[in-house]
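Heavy-atom basis, side chains included; hydrogens, waters and symmetry copies ignored. One-based numbering along the sequence shown.
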Amino acid sequence: MWASPALPGAVHDIRAARTHTIIDALTCVNVPCWADKGYQGAGGTVRTPYRGRGENLSAGQRAHNRSRAKIRALGEQAVATPKSWRLLRRLRCSTTRITDPGKAIPTLRLASTS
């Protein structure tokens, strides 16, 4: 897990990934990245699930999406847990000042599960 410097306002994930050249960096070292449907067309080593509802997908595509979701669930939990922390919900400061605490969150999350 990696925490990027904060961006101002509401910035979509794929735009943030492109701004911080995450997609290019992953592609350069050939590291696969499992992303959600919002990353369709990101390119590089970013892999997204098959689009469509379950009944419109083949059994193989549904199985593929399920296995991908299990992998992504670990990252989603790591992101969701700090959102419940009262300190972060009530934090009111400039986006440039939240970057360092944001970088500490993955470390705190990992330490709390050990």
Side-chain atoms of residues 56-66: list all donor-acceptor pairs with protein atoms under 3.5 Å, sequence neighbours left out, distances to 0.1 Å.
{"from": "Ser58", "atom 1": "OG", "to": "Gln61", "atom 2": "N", "distance (Å)": "3.1"}
{"from": "Gln61", "atom 1": "OE1", "to": "Ser58", "atom 2": "N", "distance (Å)": "3.0"}
{"from": "Arg62", "atom 1": "NH1", "to": "Gly54", "atom 2": "O", "distance (Å)": "3.0"}
{"from": "Arg62", "atom 1": "NH1", "to": "Leu57", "atom 2": "O", "distance (Å)": "2.6"}
{"from": "His64", "atom 1": "NE2", "to": "Arg68", "atom 2": "NE", "distance (Å)": "3.4"}
{"from": "His64", "atom 1": "NE2", "to": "Arg68", "atom 2": "NH2", "distance (Å)": "2.6"}
{"from": "Asn65", "atom 1": "OD1", "to": "Tyr50", "atom 2": "N", "distance (Å)": "2.8"}
{"from": "Asn65", "atom 1": "ND2", "to": "Tyr50", "atom 2": "O", "distance (Å)": "3.2"}

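- Remark: the backbone N or O of Ile14 is paired with a side-chain donor or acceptor of His12 at under 3.5 angstrom.
- Taking all atoms of both residues into account, the shortest heavy-atom contact from Gly43 to Ile23 is O-CG2, 3.9 Å.
- In this structure Val29 satisfies the side-chain contact (heavy atoms from CB on, under 4.5 Å) test together with Val31, sequence neighbours excluded.
- Here Arg72 pairs with Glu76 under the side chain to side chain donor-acceptor pair (under 3.5 Å) rule; sequence neighbours left out.
- Applying the side-chain contact (heavy atoms from CB on, under 4.5 Å) criterion to Cys28, with sequence neighbours excluded, gives no partner residue.
- Remark: Thr19 pairs with Leu7, Arg15 by the side-chain contact (heavy atoms from CB on, under 4.5 Å) rule, at least two apart or across chains.
- Annotation: salt bridge (charged side-chain N to carboxylate O under 4.0 Å, His left out) contacts involving residues 21-34, sequence neighbours excluded, are absent.
- Pairs passing the side chain to side chain donor-acceptor pair (under 3.5 Å) check and including a residue from residues 26-46, sequence neighbours excluded, read Gln40-Thr48.
- For Ala73, the side-chain contact (heavy atoms from CB on, under 4.5 Å) test picks out no residue, with sequence neighbours left out.
- Residues Ala35 and Pro49 approach most closely at O-CD, 3.2 Å, considering heavy atoms.
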